[in-house]
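First up is the structure itself, then whatever we jot down about it.
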Protein chains: 2
Amino acid sequence: MFQGFDDEAAIGKRLRRLSDLIDQDAKRFYDTQDVLFEQRWFGVLNQLVMHGPMSVSELSKALRISHVSVSETRKSLEQAKLITSKPDKTDGRVKRLTFTKSGARLVETMQPIWLALEEASQEINREARNIVAALDRLDAVLTKKSLFERASDKLK
Amino acid sequence: MFQGFDDEAAIGKRLRRLSDLIDQDAKRFYDTQDVLFEQRWFGVLNQLVMHGPMSVSELSKALRISHVSVSETRKSLEQAKLITSKPDKTDGRVKRLTFTKSGARLVETMQPIWLALEEASQEINREARNIVAALDRLDAVLTKKSLFERASDKLK
DNA sequence: CTCATATACGTAGGCGCCTACATATATGTC
DNA sequence: GACATATATGTAGGCGCCTACGTATATGAG
């Protein structure tokens, strides 16, 4: 007969499931605060708050997601009139995203909500005895040698 | 000015990113093995290997994903002629999924590939100093009190 | 036997990421 | 100045999950 594999060891699925749980809870939280907010906006808006205007490419690197995903988020934010794109003065390829007036107002509105989420995350991290450090380790281990390389080695 | 929040503490995003990294690597690995395989099939096929025929609802509970997601995977597996659904003898609502002949053959073909992925996962888990245990802790902490509840408390 | 409630499963539409590809611009070499 | 290569960004289509809703069947109380 065939061997079954321990689902609990399916790390990828567990990461995905926990991520979905957290996203769903954050969404419910936004909903109870009566704010129209797309979760993927947070990363971009947060980066613009911290660093001022940034390009799609810069945001892609800072957020460690593909430039396509950033571009889609930019589009959505522009449609909601929260940010605008301005061409770079010297490089014709680059557009820099910056807040509109209503974007700045939304960020002001979101501050206590984001602070509550941040504090809740810190509490969770403490109770889980530093899940962030564990994710750092996983990140480092996969950077050192990918699952693909490791699995390929096991087949030789 | 507005406060920026530490992206590194955005636990949900980090979980998602690591999950995507692992999924992408697994997909590349399947591609190099010249097998046409959808990643979401693994969980369902693996459960059927371990437990014999199971219903959508049972799989949903075992895999801890929604019954809709299981139903979509069932549809895809049926279209690939790897499983078939049979009505339950006593409960007209229930259909049980079971392997077809080519499904059983695919599982046989996949065994060394899945074993390689499993061994690579165990190696990663060891080097990351028990990421599985850390995910267990996060699971328990969120079960005890959700992000939603914690964030709601912070706003009071 | 009726009816309220619960459960199983399927479809529609959505979310947040991705790869592949295309177009425009920049850079560096010859 | 020409040309090869690199970079920035946008669109198309896809993946794997989700909620909401609808339909069919089961169960238990009265």
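Naming: A, B, ... by sequence-line order, numbering from 1 per chain. Worth saying up front: this structure is predicted, and the values here are computed from it rather than measured.
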Atom CG of B:Asp20 and atom C1' of C:dC15 are separated, to the nearest Å, by 13 Å
Requested in this report: Using only side-chain N and O atoms of B:Lys13, determine if any of them is under 4.0 Å from OP1 or OP2 of C:dG16.
Outcome: no
Whole-Å distance, B:Asp88 CG to C:dC9 P, equals 9 Å
Within the structure, does a side-chain N or O atom of A:Ser71 lie under 4.0 Å from either OP1 or OP2 of D:dG10? yes
Check the phosphate of D:dG10 against A:Arg74, side-chain N and O only, distance under 4.0 Å to OP1 or OP2. Yes or no? yes
- At under 4.0 Å between heavy atoms, what does B:Ser76 touch on the DNA or RNA strands: base, sugar-phosphate, or nothing? nothing
From NZ of B:Lys86 across to C1' of C:dC9 the rounded distance in Å is 19 Å
Between CG of B:Leu97 and P of C:dC9 the distance, given in whole Å, is 8 Å
Short side-chain N/O contact to D:dC18 OP1/OP2 from A:Lys27, under 4.0 Å | no
- Heavy-atom neighbours of A:Lys27 NZ exceed 12 at 6.0 Å: no
Of A:Arg40 and A:His67, the one whose closest nucleotide on DNA chain C sits nearer the 5' end is A:Arg40
Quick note, B:Lys95 side chain, CB onward, closest among C:dT19, D:dC18, C:dG10 is C:dG10
Sugar-phosphate, base or nothing in reach of A:Val56, heavy atoms under 4.0 Å = sugar-phosphate
* To do: Take the angle between the ring planes of B:Tyr30 and B:Phe37 and call it parallel below 30°, perpendicular above 60°, tilted in between.
  => tilted
The answer to which of A:Arg16 and A:Glu58 contacts DNA chain D further toward the 5' end, by nearest nucleotide, is A:Glu58
Exercise. Select base, sugar-phosphate, or nothing to describe what A:Thr90 touches, counting heavy atoms under 4.0 Å on all strands.
Key: sugar-phosphate
Atom CG of B:Leu59 and atom C1' of C:dC9 are separated, to the nearest Å, by 13 Å
A:Asp25 and B:Phe148 have their tightest heavy-atom pair at OD2-N, 3.1 Å
A:Trp41 atom CH2 is separated from C:dC17 atom C1', nearest whole Å, by 17 Å
B:Lys75 atom NZ is separated from D:dC15 atom P, nearest whole Å, by 14 Å
A:Leu21 CG to D:dG16 P, in whole Å, measures 20 Å
What's A:Ser55 touching, base or sugar-phosphate or nothing? Going by heavy atoms closer than 4.0 Å. sugar-phosphate
Checklist entry - More than 12 non-hydrogen atoms from neighbouring residues, nucleotides or ligands closer than 6.0 Å to NZ on A:Lys86, yes or no? => result no
Closest non-hydrogen contact found for B:Met54 with B:Ala62 is CE-CB, 4.1 Å
> Less than 4.5 Å apart, any side-chain heavy atom of B:Arg17 and any of A:Leu15?
Replying inline: no
Of the listed C:dC18, C:dG16, C:dC9, the closest approach to the B:Val94 side chain comes from C:dC9
I'd like to know if B:Glu72 reaches the base of D:dC15 with its side chain, counting only an N/O donor and acceptor under 3.5 Å. no
Nucleotide by nucleotide, nucleotides 1-7 of chain C touches protein heavy atoms under 4.0 Å in the pattern (B base, S sugar-phosphate only, - none) -----BB
Of the candidates D:dA8, D:dG16, C:dC17, the side chain of A:Ser69 sits closest to C:dC17
Exactly one candidate in B:Thr98, B:Leu48, B:Leu106 meets side-chain contact (heavy atoms from CB on, under 4.5 Å) with B:Ile83; the answer is B:Leu48
*Do any side-chain nitrogens or oxygens of A:Ser66 fall under 4.0 Å of OP1 or OP2 in C:dC18?*
yes
For A:Glu127, the salt bridge (Lys or Arg N to Asp or Glu O under 4.0 Å) test, sequence neighbours excluded, returns B:Lys144, B:Arg150
